[in-house]
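Indexing begins at 1, ligand by ligand and atom by atom, following the structure's order.
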Amino acid sequence: MLNIVLFGPPGAGKGTQAEFLIETFGLNHLSTGDLLRSEIAAGTQLGIEAQNYMEKGELVPDSVVIGMIKNKLALSNNTKGFIFDGFPRTVEQAKVLDNLLNENKTPISGMLNLEVEKQELICRLLSRGKISGRTDDQSQSIIENRINVYNEKTFPLIQYYSQQNKYYGINGMGVITEIAERLKEVVEKIDN
Ligand code: B4P
């Protein structure tokens with residue numbers, strides 16, 4: 001099985017590039033951001049709880065996100081593998097994911113980090129905010145808080161996966177199709 005963690009700060013292109021990887025490698029897409037937004041849209045208890053955090057640019061508590069991922073993994077049989085997009089975002093989430101996957105003897109194959117400069121991240125998110133209606137993309141201060149939260153809580157995962165020799169840094173600046181090509185090359189290498 002090919003299990004890829006697609007990693008990077010907010011606006012790095014995770015959701016954008018996940019689409020290419022799913023198509024190219026026939027993987028299942030698991031985006032915690034998308035899952036949380038659909039819980040909010042459906043007005044569930046989980047969605048109501050998550051919304052308070054997301055609107056401020058904070059992470060949703062590990063217990064909420066982990067419960068959601070466990071349910072999704074349990075429901076996904078017969079897959080070639082997963083693209084984990086926006087998950088894990090804390091060391092605690094990464095440890096739980098490792099335990100879950102190791103139980104099935106399908107560990108993470110590699111963690112791909114999209115490296116993008118801060119000013120470019122802010123630019124991309126503000127322009128998505130103009131069309132998407134996502135409130136967390138519409139204010140520069142909320143975006144900066146998301147980047148700060150990433151630096152504090154999510155960035156340490158680079159070391160976590162490096163220690164397992166599963167870390168791959170990818171230049172995430174430039175044209176979307178060129179970045180997709182860079183990712184494809186690395187995934188092909190991991191898959192061999
Ligand atoms: P996510 O939905 O994961 O939000 P994101 O990081 O902003 O999205 P992404 O990085 O995928 O967007 P992309 O760059 O593709 O999370 C939202 C919130 O949910 C979090 O803040 C948190 O509160 C919560 N959450 C989610 N997962 C969680 C977890 N595991 N634990 C706790 N909380 C969690 O796209 C950005 C824009 O850039 C797009 O408009 C795109 O078109 C554009 N773009 C992409 N690549 C480009 C390029 N090369 N050039 C120009 N523009 C580009």
Nitrogen or oxygen atoms of [X] and ligand 1 under 3.5 Å apart:
X: G11; answer: yes
X: T32; answer: yes
X: A12; answer: yes
X: M54; answer: no

Which of the ligand 1 atoms, numbered from 1, are nearer than 4.0 Å to a heavy atom of [X]:
X: I179; value: 49 (N)
X: R37; value: 2 (O), 17 (C)
X: G86; value: 27 (N), 28 (C), 29 (C), 30 (N)
X: Q93; value: 29 (C), 30 (N), 31 (N), 32 (C)
X: R146; value: 5 (P), 7 (O), 21 (O)
X: E58; value: 22 (C), 23 (O)
X: F87; value: 30 (N)

> Side chain, backbone, both or neither: which part of V65 has a heavy atom under 4.0 Å from ligand 1?
Replying inline: side chain

> Where does S31 meet ligand 1, judged by heavy-atom distances below 4.0 Å: at the side chain, the backbone, both, or neither?
Replying inline: neither

> If you measure from the Lys or Arg side-chain nitrogens to the Asp or Glu carboxylate oxygens, is any gap between R146 and D137 under 4.0 Å?
Replying inline: yes

>> Closer than 4.0 angstrom, basic N to acidic O: yes or no for R124 and E120?
In response: yes

> What protein heavy atom sits nearest atom 12 (O) of ligand 1, and how far away is it?
Replying inline: R128 NH1, 3.0 Å

Heavy-atom contact under 4.0 Å between [X] and ligand 1?
X: G57; value: no
X: R134; value: yes
X: Y53; value: no
X: M173; value: no
X: Q17; value: no

Just by distance, no angles: are the side chains of [X] and [Y] close enough, under 3.5 Å, to form a donor-acceptor pair?
X: N52; Y: E58; answer: no
X: E39; Y: T44; answer: yes
X: T90; Y: D62; answer: yes
X: Q140; Y: E144; answer: yes

From the options [options], select the one whose nearest heavy atom is closest to [atom].
atom: atom 3 (O) of ligand 1; options: R89, E178, K14, K130; result: R89
atom: atom 24 (C) of ligand 1; options: L121, L36, T16; result: L36
atom: atom 49 (N) of ligand 1; options: A50, G174, A180; result: G174
atom: atom 47 (C) of ligand 1; options: R124, E120, E19; result: R124

Is there a donor-acceptor pair closer than 3.5 Å between any side-chain N or O of [X] and the backbone N or O of [Y]?
X: N104; Y: T106; answer: no
X: Q51; Y: I40; answer: no
X: N102; Y: D98; answer: yes

>> Can you tell me how the ring of F155 sits relative to the ring of Y150, calling it parallel under 30°, perpendicular over 60° and tilted otherwise?
In response: perpendicular

>> Suppose the criterion is ring pair (Phe, Tyr, Trp, His ring centres under 6.0 Å): which pairs have a residue in residues 169-190, not counting sequence neighbours?
In response: none

> So which pairs with a foot in residues 77-97 pass ring pair (Phe, Tyr, Trp, His ring centres under 6.0 Å), sequence neighbours left out?
Replying inline: F82-F84

>> What I'd like to find out is whether the side chain of L30 reaches to under 4.5 Å of the side chain of L73, using heavy atoms alone.
In response: yes

>> For D85 versus A18, what's the shortest heavy-atom pair and its separation?
In response: OD2-CB, 4.0 Å

